[in-house]
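Structure first, then comments.
Keep in mind it's a predicted model, so treat the numbers as computed, not measured.
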Amino acid sequence: MQAGLVVLCLAYVLSQFFRAFLAVLSLDLEHDIGATPEDLAFASGLWFLVFAAMQIPVGWALDRVGPRLTAAALLLAGGAGGAGVFAVATSPLHISIAMGLIGIGCSPVLMASYYIFAREYPPARFATLAAVMLGVGSVGNLVASYPTALAVELMGWRATMAGLAGVSAAIAAGIWLSVHDPAKVETDHKGSLLDLLKEPALWLILPLMLVAYAPSAALRGLWAGPYLSDVFGLGTTQIGTATLVMGAAMITGTFVYGPLDRVFGTRKWVVFAGNALGAAALGLLCLWIDSGIWISVLLLAVIGFLGASFPVIMAHGRAFVPPHLVGRGVTLLNLFGIGGVGIAQFVTGRIHAATVETGSTAPYTAIFGFFAVTLAIGCVIYLFSRDSVD
């Protein structure tokens with residue numbers, strides 16, 4: 001199983017890359033095929049929404065078919081296929097189609113790992129294992145920054161995407177060859193997604209799951225690029241360097257969050273404190289929107305660091321899921337986490353379009369303010385949730 005988890009981690013590197021690389025390609029795509037920031041926001045949002053919608057069939061497949069076939073087949077068809085479509089794109093529509101396909105391909109990867117963790121390891125270790133997988137896999141976030149900018153300058157974005165299609169196909173084959181499905185749970189209990197939705201404890205966790213990951217994912221995945229270009233005049237390589245700093249902060253945050261539930265004996269208050277501080281950092285970015293490049297980059301890094309609570313929220317919610325519904329439970333939580341980013345990208349794309357004529361800073365003040373307010377609301381609802389420690 002260890003070899004299988006390593007390959008799944010490589011697949012998750014791809015997943016992290018594909019949700020973040022548009023920020024670096026934004027200038028080239030606008031120049032070559034006329035893709036505006038609104039077009040890329042739509043394409044990015046489509047990736048997240050398709051990914052989120054796939055969590056329902058993926059959850060069923062994990063419980064019924066197992067992680068091996070589920071992850072290998074979808075990554076091959078969607079990931080490799082979508083990257084191939086991207087490589088030959090000639091319009092913003094093609095980019096959106098490609099991103100939707102890639103969302104399908106990436107949708108089972110992390111949840112296949114979490115399914116194995118939930119079934120093969122003690123519950124008390126879930127948050128730490130989940131954070132390690134998320135943190136190591138987030139190397140893709142770094143690859144989607146300066147290294148991608150360098151590759152695009154050396155080879156062009158089309159050759160870069162064609163190469164990624166080949167890498168995706170190779171990793172899908174590796175999943176098929178190395179991952180072994182855990183034994184199925186033998187139980188007389190039947191269950192479905194509706195049974196999970198009847199659990200009151202989840203309803204106070206899901207709103208924060210909906211908004212917690214959105215600021216860091218949306219800013220790192222897209223808006224950091226146009227913001228740094230429009231407000232500070234940075235080029236592709238400089239944007240790549242800035243997003244590299246933010247990506248490194250996101251990875252560091254993931255590893256820091258992972259063991260904190262066991263250190264402090266609480267999941268709820270670790271999650272609440274981190275996200276409340278994240279909302280405050282977003283507010284400061286609104287106030288200091290054009291104060292200086294390094295102030296903005298530092299605040300983006302802080303937002304990325306504090307926004308890495310995903311695995312602890314996942315562990316908090318998983319504690320209320322019965323064993324025979326683990327696959328559908330973790331994918332339901334992931335549906336909200338990833339779906340929230342997709343919704344946010346559509347909303348922020350419209351915010352940008354509505355405010356772009358009012359000045360270079362106004363669109364980004366409005367976008368960052370939107371994230372600050374929604375995150376604060378999620379934190380308030382989360383205050384009423386039940387704690388869980390295994």
Practice prompt. First locate atom CG of L14, then atom OG of S168, and finally report the distance between them rounded to the nearest 0.5 Å.
Written response: 4.5 Å

Worksheet entry | L129 to F117 - nearest heavy-atom pair and separation | O-CE1, 3.5 Å

Discussion item. Are the side chains of L164 and F21 in contact, using a 4.5 Å heavy-atom criterion?
Written reply: no

Practice prompt. Please examine the side chains of M111 and M54, heavy atoms only from C-beta on, and report whether any two atoms are closer than 4.5 Å.
Written response: no

Item to complete: Give a yes or no on whether L335 and F320 share a hydrophobic cluster (residues Ile, Leu, Val, Met, Phe, Trp, Tyr; joining criterion: side-chain heavy atoms under 4.5 Å apart).
Response: yes

Worksheet item: Hey, what do you get for CZ (R328) to CZ (R64), rounding to the nearest 0.5 Å?
Response: 5.5 Å

Worksheet item: Shortest non-hydrogen contact from A11 to I175?
Response: CB-CD1, 3.9 Å

For residues 206-214, tabulate all N or O donor-acceptor pairs below 3.5 Å that involve a side-chain atom, not counting sequence neighbours.
residue, atom, partner, partner atom, Å
Y213, OH, R19, NH1, 2.9

Worksheet item: Do L40 and L101 share a hydrophobic cluster, counting only Ile, Leu, Val, Met, Phe, Trp and Tyr and linking them when any side-chain heavy atoms are less than 4.5 Å apart?
Response: no

Worksheet item: Between the side chain of D181 and the main-chain N/O of R68, is any donor-acceptor distance below 3.5 Å?
Response: yes

Worksheet item: Mind checking whether F305 and T254 have side chains closer than 4.5 Å, heavy atoms only?
Response: no

Worksheet item: Any side-chain heavy atom of Y114 sitting closer than 4.5 Å to one from P311?
Response: yes

Worksheet item: Between V356 and F371, is there a shared hydrophobic cluster once you connect ILVMFWY residues whose side-chain heavy atoms come closer than 4.5 Å?
Response: no

Show me the donor-acceptor pairs within less than 3.5 Å that the side chains of residues 274-295 make with the rest of the protein, sequence neighbours left out.
residue, atom, partner, partner atom, Å
N275, ND2, V271, O, 2.9
N275, ND2, S309, OG, 3.0

Practice prompt. Say whether L222 and I97 are linked into one hydrophobic cluster, either directly or through other cluster members, by side-chain heavy-atom distances under 4.5 angstrom.
Written response: no

Discussion item. Is there a side-chain contact (heavy atoms from CB on, under 4.5 Å) between F336 and L332? Walk through the geometry before answering.
Written reply: CA-CA 7 Å; F336 274 77; L332 173 67; 3.9 Å; yes

Practice prompt. Give a yes or no answer on whether the side chain of T355 reaches the backbone of I351 with a donor-acceptor pair at less than 3.5 Å.
Written response: yes

Fill in: Single hit among V152, I239, T160 for side-chain contact (heavy atoms from CB on, under 4.5 Å) with L25
V152

Worksheet item: So, does H94 use its side chain to make a donor-acceptor pair with the main chain of T90 at under 3.5 Å?
Response: yes

Item to complete: List the steps and the verdict of side-chain contact (heavy atoms from CB on, under 4.5 Å) for V132 and V136.
Response: CA-CA 6 Å; V132 169; V136 175; 4.2 Å; yes

Worksheet entry | Any side-chain heavy-atom pair of F310 and L110 under 4.5 Å | yes

Response to the item:
CZ (R267) and CG (D387) are apart, to the nearest 0.5 Å, by 8.0 Å

Discussion item. Side chains of I381 and L204, heavy atoms from C-beta outward: is any pair under 4.5 Å?
Written reply: yes

Practice prompt. With the side chain counted from C-beta on, respond yes when F42 and P92 share a heavy-atom pair under 4.5 Å apart, and no when they do not.
Written response: no

Item to complete: Using the test side chain to side chain contact (heavy atoms under 4.5 Å, CB included), find all partners of E38 that sit at least two apart in sequence or belong to another chain.
Response: T36, H352, A353

Worksheet entry | Side-chain heavy atoms of W223 within contact of P37, under 4.5 Å | yes

Worksheet item: Distance from S107 atom OG to L74 atom CG, nearest 0.5 Å?
Response: 5.0 Å

Discussion item. Checking Y227 against L219 for the side-chain contact (heavy atoms from CB on, under 4.5 Å) test, could you report, in this order, the C-alpha distance in whole Å, the side-chain angles of both residues, the deciding distance, and whether it holds?
Written reply: CA-CA 9 Å; Y227 165 55; L219 298 185; over 6 Å; no

Worksheet entry | From CD1 (I116) to CE (M133), nearest 0.5 Å | 7.5 Å

Worksheet item: Going by the angle between their ring planes, with limits at 30° and 60°, are F368 and Y364 parallel, tilted or perpendicular?
Response: tilted

Fill in: Side-chain donor or acceptor of K268 paired with backbone N/O of R386 under 3.5 Å
no

Practice prompt. Rounded to the nearest 0.5 Å, what's the gap from CH2 on W269 to CZ on F264? Could you check?
Written response: 14.0 Å

Fill in: Main-chain N/O of G235 paired to Q238 side chain as donor or acceptor, under 3.5 Å
yes

Discussion item. With clusters defined by side-chain heavy atoms of hydrophobic residues (ILVMFWY) lying less than 4.5 Å apart, directly or transitively, does V24 cluster with L29?
Written reply: no

Fill in: Worked check of side-chain contact (heavy atoms from CB on, under 4.5 Å) between V321 and V330
CA-CA 8 Å; V321 175; V330 294; over 6 Å; no

